[in-house]
Amino acid sequence: MSILDRFSLLNRTALVTGGGSGIGQALALALADAGADVAIADINSAGAAATCAQIENLGRQTLAIAADVTAKDQVENMVHTVLAAWGGLDIGVNSAGIALRGPIEDISEADWDRVLDLDLKAVFLCCQAEGRAMLQRGSGSIINVVSISSHIVNRPQQHGHYNAAKAGAYQLTRACAAEWAVRGVRVNSISPGHTLTPMTAHADDETRNAWLTNTPMGRLGVPADYQGAVVFLASDAAAYATGHDLVVDGGYTLW
Ligand SMILES: NC(=O)c1ccc[n+]([C@@H]2O[C@H](COP(=O)([O-])OP(=O)(O)OC[C@H]3O[C@@H](n4cnc5c(N)ncnc54)[C@H](O)[C@@H]3O)[C@@H](O)[C@H]2O)c1
């Protein structure tokens with residue numbers, strides 16, 4: 001088997017949360033391009049349908065699943081839908097997320113709950129439901145999209161709730177990896193740097209310029225920058241990698 005064969009995802013099934021937009025969409029298309037059938041779960045049904053149409057164009061099977069991943073019953077139904085259609089789940093990518101802003105002294109309890117519900121609790125619910133399905137078969141790869149904000153206090157924007165949630169998701173990834181390693185399920189994460197997606201579209205010029213000047217490569221990320229990372233972590237090429245966080249940030253966390 002050649003090294004490139006070990007990156008192939010032919011005959012694998014995948015599920016991508018938040019696959020209707022931005023980074024999740026790019027990750028889903030990469031998995032399909034590498035050979036996988038890919039289900040898209042998103043609260044935005046139109047976005048999910050648009051990604052599914054692109055997956056079909058790549059010649060792969062797909063499913064659009066309407067799900068709010070902060071709700072346990074909807075997460076369980078999401079995984080059940082994939083199992084019912086395809087008989088098993090090989091790859092779970094958890095990318096759904098939000099970023100709210102605000103100095104810590106002004107963050108409302110409602111905003112704290114909203115960010116923690118989606119950026120941390122939902123990652124737990126998805127890992128649990130995906131992990132249970134994978135543990136039954138003794139194989140699988142889960143990839144959580146966390147952030148450089150898992151590791152650093154980002155600037156100039158202030159978002160203590162986002163930093164806390166992403167750091168939690170990073171450590172949850174490691175806990176899942178440690179518990180499930182001997183049972184055939186790998187769990188890793190990707191930490192993107194500042195990336196041009198709808199999530200960052202509202203950033204003002206001052207913020208965007210600060211990100212740019214603090215990125216050694218001198219450019220912001222685009223969703224395609226994470227496609228190689230997800231195919232690697234999903235595939236047999238990463239068979240001995242678990243609990244790893246793959247930082248892909250143009251060098252931002254070097255300075
Ligand atoms: N854009 C960046 O600079 C950046 C940097 C680091 C990490 N990230 C992380 O990458 C991930 C994707 O972000 P993005 O920039 O592509 O954002 P995005 O807004 O383009 O995509 C987020 C997707 O999540 C979906 N979603 C939101 N709430 C949901 C819910 N309750 N249930 C199901 N789906 C829901 C949205 O509909 C959307 O399709 C997030 O976890 C984000 O924190 C983004």
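Atoms within each ligand, like the ligands themselves, are counted from 1 in listed order. In what follows, every heavy atom counts, from backbone to side chain, and hydrogens, waters and symmetry copies are set aside.
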Worksheet item: Can you name the salt bridge (charged side-chain N to carboxylate O under 4.0 Å, His left out) partners of Asp225, sequence neighbours left out?
Response: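 Expected list: Arg219.
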Worksheet entry | Residues Arg60, Asp33: salt bridge by 4.0 Å N-O rule |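 Salt bridge flag = no for Asp33 with Arg60.
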Item to complete: Could you tell me how the ring of Phe232 sits relative to the ring of Phe7: parallel (under 30°), tilted (30 to 60°) or perpendicular (over 60°)?
Response: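 If you compare the ring of Phe232 with that of Phe7, the planes turn out tilted.
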Fill in: Exam field: side chain Thr51 to backbone Gly47, donor-acceptor pair closer than 3.5 Å
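Yes, the answer is positive, given that a donor and an acceptor are paired below the 3.5 Å cut-off.
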Name each N or O atom in ligand 1 that is under 3.5 Å from a protein N or O, and give the partner atom and the distance.
from, atom 1, to, atom 2, distance (Å)
ligand 1, 1 (N), Thr195, O, 3.4
ligand 1, 1 (N), Thr197, OG1, 3.2
ligand 1, 3 (O), Thr195, N, 2.8
ligand 1, 3 (O), Thr195, O, 3.4
ligand 1, 15 (O), Thr197, OG1, 2.5
ligand 1, 16 (O), Ile23, N, 2.7
ligand 1, 20 (O), Ser21, OG, 2.6
ligand 1, 31 (N), Asp68, OD1, 2.9
ligand 1, 32 (N), Ala67, O, 3.4
ligand 1, 32 (N), Val69, N, 3.0
ligand 1, 34 (N), Ile43, N, 3.3
ligand 1, 37 (O), Asp42, OD1, 2.6
ligand 1, 39 (O), Asp42, OD1, 3.3
ligand 1, 39 (O), Asp42, OD2, 2.6
ligand 1, 41 (O), Ser95, O, 3.0
ligand 1, 41 (O), Lys166, NZ, 2.9
ligand 1, 43 (O), Tyr162, OH, 2.6
ligand 1, 43 (O), Lys166, NZ, 2.9

Item to complete: State yes or no: do Ile98 and Ile43 share one hydrophobic cluster built from I, L, V, M, F, W and Y residues joined by side-chain heavy-atom distances below 4.5 Å, directly or via other members?
Response: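 Ile98 and Ile43: separate clusters.
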Item to complete: State yes or no: do Leu29 and Leu233 share one hydrophobic cluster built from I, L, V, M, F, W and Y residues joined by side-chain heavy-atom distances below 4.5 Å, directly or via other members?
Response: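 In one cluster: yes.
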